[in-house]
Structures are given as C-alpha cells and as structure tokens.
Amino acid sequence: MMNTKVRALKRPRVLVVGDVMLDRYWFGEVSRISPEAPVPVVKVGRSEDRLGGAANVARNAAALGARVTLLSVVGHDEPGRRLQALLREEEITARLHRDRTIDTTVKLRVIGRQQQLLRVDFETTPSHEILRSKLAEYARLVARCDAVILSDYGKGGLTHITRMISLARRHGKLVLVDPKGEDFSRYQGASVITPNRAEFRAVAGDWRSEREFTAKAQRLRRKLKADALLVTRSEAGMTLFERNHRLHVVAQAREVFDVSGAGDTVIATLAVMLAGGSDFGEAVRIANRAAGIVVGKFGTAVVSPAELFGKDE
C-alpha cells in the first residue's frame, strides 16, 4: 500500500527556513593522556563537513525527492562558503543572506575511538537588518511552495516566525514547525508542531499516565490553534494529536548509533509526505520509519527512498 502511494506522489516544493549550521567532524586516534591535564590527546587524521540544523532538514527533504529551497543567514566567512558548496552538491536552492557582523554557526565534534570526545560551538545572533531582508524574501518565496518547514534551533534566525506562519497560512500553505524553548505561543497557527519529549514536557509539564499526557497535548494543540501536534518520544515512538484523534506509533526496533539530526529527518519526511498527498496517519508512520533508520547512522544523515520504501523505488 505504501509503495503504491509513494509512486503516485508528485515532487513537492518545500521551503525550509531556520537556523543553519555547519557540522564539522575531526576524526583521530587516541593513544595517550596529555601530560598537561587528565584529558586524551587526539591525533587528527581526517575531517568531514556536513549540513546541520535547518540545512540538514533541507538535505533530508531533498534526499526524498522534494524540490527544496533553503532560506537562512550565514556569516561572511569560510564556514558560510562551505555551507553554500555543500548545499549546491545536494541540489538545494540556497538563499543565504550574508551577515558580516556574525560568524556562521559551527558545531565542531572531535571523534576518537568511534565516540564523541568533545563538541565546540561557534555562534552569534544575526543582525536585525539582515533578518528584515530575509523576511522580505520569504514573502516572495512562500507563494511558490507546497509546504514550509520552520526549523527553530534558537540561534535567532526565526525572530519573525509569527509573521512567517501568518503569511504562509494566508497563502494556504502547509506549515510545519520544529520548536525550541519554553514559549510555544510564537508558533500559533502552524499546521503541525513537532516537539520532542523534553521540549513538550518543558512547555506542558510532566504527566503520570497516557491519559494525562493526551489531555495536556490536546490542550496545547488547541491553545496554539494547530491542526496537529506530533510529540516524538525517542524509544517510546511518537504520538500524533489531531482534533478528536490520537495516533501512537511504536519506535522501530533497531540499534541506535547516533540520534543527531533525527528530529530533522522526522519533520522533513513528514513535510514531503503531507505535501505529496499523504494523510497525517500515513505521513507519521513513514516519518517514524525514517527516524528508525537514521539513528542507526553516524552523525547528521539522511534516508533514501530505497531505504524507506524498498529497493523497487
């Protein structure tokens, strides 16, 4: 049934807006402890750059066949140029506004003995002038897409998110939000909001039963005037809440290697499926399958149609 459905899907046009970052990995050998401090010495042998944040969301959507445009802000620096090059390789249309006053966000991970030893973050908030120019371009781009993904990593790139949601809904577009922080009121009016378990708990409070969890989720969905709320719950799977409806899907039983970017894969898959004609139930089941695949890979990664739907696709 799913394979037949997927063959009938068009290639949706997806606009991704949010905080982009460069995921930089340094791989090395650890053979001794430093004489200067009780820390391992890593002799770096190779490095690798990957798309991170909203750029990883865009990469995931493109990997599933969507025509993707990414709108974001980067610094006028080497990491910003590197992001542009990686996006070009993935055939993603990149609308990157360059801000000379900031550094492009970089997450540098040092890997030794097949495990992460250290992460170093470089980041600054974009200027108001750049954010205003980005909003003006968004208003032009939103009319030409089928779905909008607003990927909030709390880096300041979505200062105007309330306005963005309103503009998209006025055009009748599907709007999916990956939230951040403890104030979800700024996401009011979105089609779908996809908090993880910790993000939901921070906003709605803890719960002692599935019944109480459902009541809190539906209360939040109504308050935010969202069509749906999808709570991703790690090893417990994910639960979708629509008006008068609840759907829970269990996690895919497979070995978890790295959860980095799993939320990006979920929201990207959800957007592609919904924009392509699937209903919420089918889209969530397929997004859950995608999450189960991507956590078995190292670092920020993508899922291909062949992995998701079988070799025939």
Side-chain angles (χ1 to χ4, degrees), residues 18-60 63 78-79 82-83 85-87 89-90 103-124 151-155 178 180 194-202 231-238 250-269 287-304 306-308:
D19 302 306
V20 297
M21 56 196 72
L22 185 66
D23 283 352
R24 182 158 276 172
Y25 298 87
W26 287 357
F27 298 91
E29 295 296 324
V30 180
S31 58
R32 62 192 179 96
I33 300 299
S34 171
E36 303 166 358
V39 295
V41 175
V42 183
K43 183 178 180 182
V44 176
R46 67 182 179 90
S47 63
E48 183 179 336
D49 292 336
R50 298 187 187 184
L51 297 170
N56 186 49
V57 175
R59 181 185 175 215
N60 270 269
E78 181 273 331
R82 182 64 177 139
L83 271 169
L86 290 172
L87 289 164
E89 290 175 12
E90 300 290 341
D103 296 322
T104 300
T105 298
V106 176
K107 290 185 177 181
L108 170 62
R109 296 171 174 88
V110 181
I111 312 297
R113 295 179 179 172
Q114 297 185 326
Q115 66 182 12
Q116 185 177 151
L117 302 176
L118 177 70
R119 195 182 92 183
V120 183
D121 291 3
F122 305 86
E123 60 187 56
T124 45
S151 181
D152 193 352
Y153 270 80
K155 310 302 181 185
D178 190 354
K180 196 73 172 180
T194 63
N196 62 33
R197 182 167 51 191
E199 290 164 343
F200 176 80
R201 181 180 286 114
V231 183
T232 57
R233 306 170 67 182
S234 190
E235 73 283 351
M238 55 184 68
V250 298
Q252 297 288 311
R254 61 178 70 234
E255 184 178 358
V256 175
F257 185 76
D258 192 338
V259 298
S260 301
D264 298 339
T265 299
V266 168
I267 198 167
T269 305
N288 184 58
R289 181 189 296 183
I293 295 170
V294 82
V295 296
K297 301 182 179 185
F298 174 79
T300 48
V302 300
V303 177
S304 70
E307 293 174 299
L308 202 51

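- Atom CD of residue Q116 and atom CZ of residue F298 lie 7.5 Å apart, to the nearest 0.5 angstrom.
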Please test T269 against L308 for side-chain contact (heavy atoms from CB on, under 4.5 Å), starting from the C-alpha separation and ending with a verdict.
-> CA-CA 10 Å; T269 305; L308 202 51; 4.2 Å; yes
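- Contact record, A301 with N56: O-OD1, 4.0 Å, taken as the closest heavy-atom pair.
- Interatomic distance, M238 CE to T194 OG1, rounded to the nearest 0.5 Å: 9.5 Å.
- A donor-acceptor contact shorter than 3.5 Å links the side chain of E199 to the backbone of N196.
- Side chains of W26 and L118 form no contact here, defined as non-hydrogen atoms less than 4.5 Å apart.
- The minimum heavy-atom distance between A54 and G18, with the atom names listed, is CB-C, 3.7 Å.
- Panel note: side chain D19, backbone K155; a donor-acceptor pair is recorded below 3.5 Å.
- At distances below 3.5 Å, not a single donor-acceptor pair connects side-chain atoms of K107 with backbone N or O atoms of R119.
- To the nearest 0.5 Å, atoms CG (L51) and OG1 (T300) are separated by 7.5 Å.
- Partners of D49 by side chain to side chain contact (heavy atoms under 4.5 Å, CB included), not counting sequence neighbours, listed by chain and number: L22, R24, R82, L86.
- Of all heavy-atom pairs spanning P79 and T104, the tightest one is CB-CB, 3.9 Å.
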Side-chain polar contacts of residues 30-47 - donor-acceptor pairs under 3.5 angstrom, sequence neighbours left out - could you list them?
{"from": "S34", "atom 1": "OG", "to": "E36", "atom 2": "N", "distance (Å)": "3.0"}

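- Not counting sequence neighbours, E29 has no partner by the side chain to side chain contact (heavy atoms under 4.5 Å, CB included) test.
- Ion pairing between R197 and E235 holds under the 4.0 Å rule for side-chain N and carboxylate O.
- Using modelled atom types and a 3.5 Å distance limit, the side chains of N60 and T265 yield a donor-acceptor pair.
- The two residues V302 and K297 make their nearest non-hydrogen contact at O-NZ, 2.7 Å.
- Annotation for A290 and V303: closest pair O-CG2, 3.5 Å, computed over non-hydrogen atoms.
- Minimum interatomic distance between A262 and V295 (heavy atoms only, all atoms of both residues): CB-CG1, 3.9 Å.
- Considering CG of D121 and OG1 of T105, their distance stands at 8.5 Å, rounded to 0.5 Å.
- Side-chain contact check for D264 versus D178: some heavy-atom pair is nearer than 4.5 Å.
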